[in-house]
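Only one structure is covered here, and it is reproduced in the block below.
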Amino acid sequence: MRRLRALVLILFGAGFAVKILWWVAIAVLILWLIGFVARPKGSSGRWYRW
């Protein structure tokens, strides 16, 4: 019974972490798209500095 409870906690924690990572990935994608669309027209096509 104790192993089952540990397994449920591990799976719940992993599922929660994956859900948070999905939200972070969506937020980063939106920010990237905003930066891509709002880049200055005079640049050489790159809006970042690297």
Side-chain angles (χ1 to χ4, degrees):
M1 195 68 180
R2 189 170 283 184
R3 282 187 183 175
L4 181 63
R5 192 176 351 167
L7 183 64
V8 168
L9 284 174
I10 289 171
L11 290 176
F12 179 76
F16 191 70
V18 167
K19 191 172 185 179
I20 289 176
L21 285 174
W22 269 110
W23 282 112
V24 168
I26 290 170
V28 168
L29 179 65
I30 289 172
L31 288 173
W32 179 78
L33 286 174
I34 289 172
F36 187 75
V37 171
R39 68 176 181 222
K41 299 293 183 196
S43 68
S44 63
R46 292 185 177 181
W47 58 273
Y48 46 85
R49 291 182 181 233
W50 327 323

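Only a predicted model underlies this, so the values are computations on that prediction, with no experimental measurement involved.
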ask   = Under a single-linkage rule joining Ile, Leu, Val, Met, Phe, Trp and Tyr whose side-chain heavy atoms are separated by less than 4.5 Å, which residues share a cluster with Ile20?
value = Phe16, Val24, Val28
request  = First locate atom CG of Leu21, then atom CD1 of Ile26, and finally report the distance between them rounded to the nearest 0.5 Å.
outcome  = 11.0 Å
Interatomic spacing from CG in Leu7 to CZ in Arg3 - rounded to 0.5 Å = 10.5 Å
note = Output for pair (Leu29 CG, Ile34 CD1), nearest 0.5 Å, gives 10.0 Å
